*Asks:* 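Please find one structure pasted underneath; my questions will follow.
Computed from a predicted model, the values in this text were never measured in an experiment.
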Amino acid sequence: MNTHKTGLSTRLLATVAMAFMLFPLLTVIPVSFTSKRYLSMPNGNWSLRHYEALLGNPEWMASILQSLGIAFATSIIATALAVSFSLGIWYLRSRLATVLIGLVLLPMAIPPVISALVLYFMETNLGRIAPGFGYDTIPGVIIAHVVMVVPYGVVTMLVALSQIDRRIELASRNLGASLMQTTFLVVMPNLKLGIASTALLSFALSWEEVAVTLFITSVDVNTLPRRIWGGLRDNVDPSVAAISVLLIGVTLLVLCARLLLQYLAERKAREATTRAATAPA
């Protein structure tokens with residue numbers, strides 16, 4: 001009885017805490033349907049004018065496409081770097097690994113404004129050598145986002161690697177597999193969830209990055225977070241509320257899809273375990 005009551009009270013407390021944190025986000029939904037030209041509650045007069053303005057505005061659509069392209073590229077590059085570094089550390093097994101991890105995680109300890117200033121000076125100097133990869137260019141933004149995102153990917157991959165039994169590597173090497181075969185055929189298949197989580201996290205962090213982007217872009221690159229920032233700072237455009245609602249909806253769909261895939265994978269694993277247990281010897 002006590003265990004049941006404790007579990008019920010814990011779930012109730014968690015539900016209240018979640019509702020408290022989500023309530024400010026939910027208030028954006030009615031604001032996006034206002035018929036006025038500024039952010040306000042509909043007051044009974046609901047309208048889709050701001051959704052129509054959002055979808056019919058080529059500047060908003062261009063920003064969305066830019067953000068998607070930058071986030072996809074950042075996710076791929078950051079995931080590749082995080083997986084490579086983490087596997088190298090996992091194989092290294094040396095005191096030097098701690099120093100290397102500390103260096104990679106250093107951007108997480110630096111305030112975003114300081115990182116933005118450093119990246120600004122780096123990209124202005126890089127632009128003199130390679131104009132297509134410097135300040136206010138899409139490749140330049142991708143480079144900056146990769147620098148900011150990789151530490152989080154490394155943390156995710158190190159956690160995933162810590163759950164792998166090292167004996168599978170030793171068994172593979174003892175059976176004659178090379179290092180590349182062991183990595184791609186034995187170790188990495190056990191890291192599928194960690195790699196997927198790293199890619200998703202990298203995409204999300206790049207998609208919502210605004211502090212660094214404000215410092216390293218000007219006219220040619222105007223990502224969605226930067227345009228939202230400008231809409232809130234300059235004229236409080238209600239289209240910001242509309243795009244916020246759409247982003248909340250996309251996020252919920254992605255989370256539900258991930259939970260569904262995880263549930264299906266766990267169900268498949270349970271069924272495989274059951275078949276193996278009931279199979280005749």
*Asks:* Check whether S162 reaches the backbone of V159 with its side chain - one donor and one acceptor, N or O, closer than 3.5 Å.
*Replies:* yes

*Asks:* I'd like to check I216 versus D136 (side-chain heavy atoms, cut-off strictly below 4.5 Å). Are they in contact?
*Replies:* no

*Asks:* If every non-hydrogen atom of W90 is compared with every non-hydrogen atom of I164, which pair is closest and at what distance?
*Replies:* CZ2-CG2, 4.1 Å

*Asks:* Does the side chain of L246 reach to within under 4.5 Å of the side chain of Y51, using non-hydrogen atoms?
*Replies:* yes

*Asks:* Does one hydrophobic cluster hold both V146 and I101, with members joined at side-chain heavy-atom distances below 4.5 Å?
*Replies:* yes

*Asks:* Supply the atom-to-atom distance L158 CG to S86 OG, rounded to the nearest 0.5 angstrom.
*Replies:* 4.0 Å

*Asks:* Quick one: do T182 and V187 satisfy side chain to side chain contact (heavy atoms under 4.5 Å, CB included)? Show the steps, please.
*Replies:* CA-CA 6 Å; T182 301; V187 178; 4.2 Å; yes

*Asks:* Please assess L100 against V104 for the test side chain to side chain contact (heavy atoms under 4.5 Å, CB included), listing each intermediate value before the final yes or no.
*Replies:* CA-CA 6 Å; L100 294 176; V104 171; 5.6 Å; no

*Asks:* Between H145 and S202, is any side-chain donor less than 3.5 angstrom from a side-chain acceptor?
*Replies:* no

*Asks:* So Q181 and V186, do their side chains get closer than 4.5 Å, heavy atoms only?
*Replies:* no

*Asks:* Please write out which residues are connected to L264 in a hydrophobic cluster, directly or through intermediates, given that two of Ile, Leu, Val, Met, Phe, Trp, Tyr count as joined at side-chain heavy-atom separations below 4.5 angstrom.
*Replies:* L260, Y263

*Asks:* Are side-chain N/O atoms of S63 and R226 paired as donor and acceptor at under 3.5 Å?
*Replies:* no

*Asks:* Between L81 and L92, is there a shared hydrophobic cluster once you connect ILVMFWY residues whose side-chain heavy atoms come closer than 4.5 Å?
*Replies:* yes

*Asks:* Can you give me the closest heavy-atom contact between S75 and A199, atom names plus distance?
*Replies:* OG-O, 2.8 Å

*Asks:* Which atom pair, heavy atoms only, marks the closest approach of G194 to A160?
*Replies:* CA-CB, 4.0 Å

*Asks:* Say whether L200 and M148 are linked into one hydrophobic cluster, either directly or through other cluster members, by side-chain heavy-atom distances under 4.5 angstrom.
*Replies:* no

*Asks:* Tell me the closest heavy-atom pair linking T137 and V221, and the distance in Å.
*Replies:* C-CG2, 3.6 Å

*Asks:* Run the side chain to side chain contact (heavy atoms under 4.5 Å, CB included) check on I243 and I64 step by step: do they pass?
*Replies:* CA-CA 10 Å; I243 189 64; I64 292 174; 3.9 Å; yes

*Asks:* Determine whether L179 and R173 make a side-chain contact, defined as any pair of heavy atoms from C-beta on separated by less than 4.5 Å.
*Replies:* yes

*Asks:* Roughly how far apart are E169 CD and L87 CG, rounded to 0.5 Å?
*Replies:* 10.0 Å

*Asks:* Other members of the hydrophobic cluster containing I76, with the 4.5 Å side-chain heavy-atom rule, please.
*Replies:* none

*Asks:* Do the side chains of T74 and F203 get nearer than 4.5 Å, heavy atoms only?
*Replies:* no

*Asks:* Could you go through the side chain to side chain contact (heavy atoms under 4.5 Å, CB included) check for V141 and T217 one step at a time?
*Replies:* CA-CA 8 Å; V141 175; T217 58; 3.5 Å; yes

*Asks:* Given the rule that I, L, V, M, F, W and Y join up when any side-chain heavy atoms are under 4.5 Å apart, are I195 and F184 in one cluster?
*Replies:* yes

*Asks:* Looking only at non-hydrogen atoms, find the nearest pair between S67 and W207 and report the distance.
*Replies:* CB-CZ3, 3.6 Å

*Asks:* Determine whether E123 and I143 make a side-chain contact, defined as any pair of heavy atoms from C-beta on separated by less than 4.5 Å.
*Replies:* yes

*Asks:* Donor-acceptor pair, E209 side chain versus V212 backbone, under 3.5 Å?
*Replies:* yes

*Asks:* About how many Å separate CG of L201 and OG1 of T79, when rounded to the nearest 0.5 Å?
*Replies:* 9.0 Å

*Asks:* I would like to know whether Y91 and T183 meet side-chain hydrogen bond (donor to acceptor under 3.5 Å, both in side chains); could you show each step before the answer?
*Replies:* CA-CA 10 Å; Y91 282 127; T183 300; 2.9 Å; yes

*Asks:* To the nearest 0.5 Å, what is the distance between CG (L252) and CD1 (I248)?
*Replies:* 7.5 Å

*Asks:* Rounded to the nearest 0.5 Å, how far apart are OG1 of T213 and CZ of R227?
*Replies:* 13.5 Å

*Asks:* Do you know the tightest heavy-atom contact between G153 and T198?
*Replies:* CA-CG2, 3.6 Å

*Asks:* Indicate yes or no: at least one non-hydrogen side-chain atom of M188 is less than 4.5 angstrom from one of V83.
*Replies:* yes

*Asks:* If I take atom OH from residue Y135 and atom OH from residue Y120, how far apart are they, to the nearest 0.5 angstrom?
*Replies:* 6.0 Å

*Asks:* Same cluster or not: I138 versus M122, using hydrophobic residues (I, L, V, M, F, W, Y) connected whenever any side-chain heavy atoms lie under 4.5 Å apart?
*Replies:* yes

*Asks:* Please tell me if the side chains of L224 and W60 come closer than 4.5 Å, counting only heavy atoms from C-beta onward.
*Replies:* yes

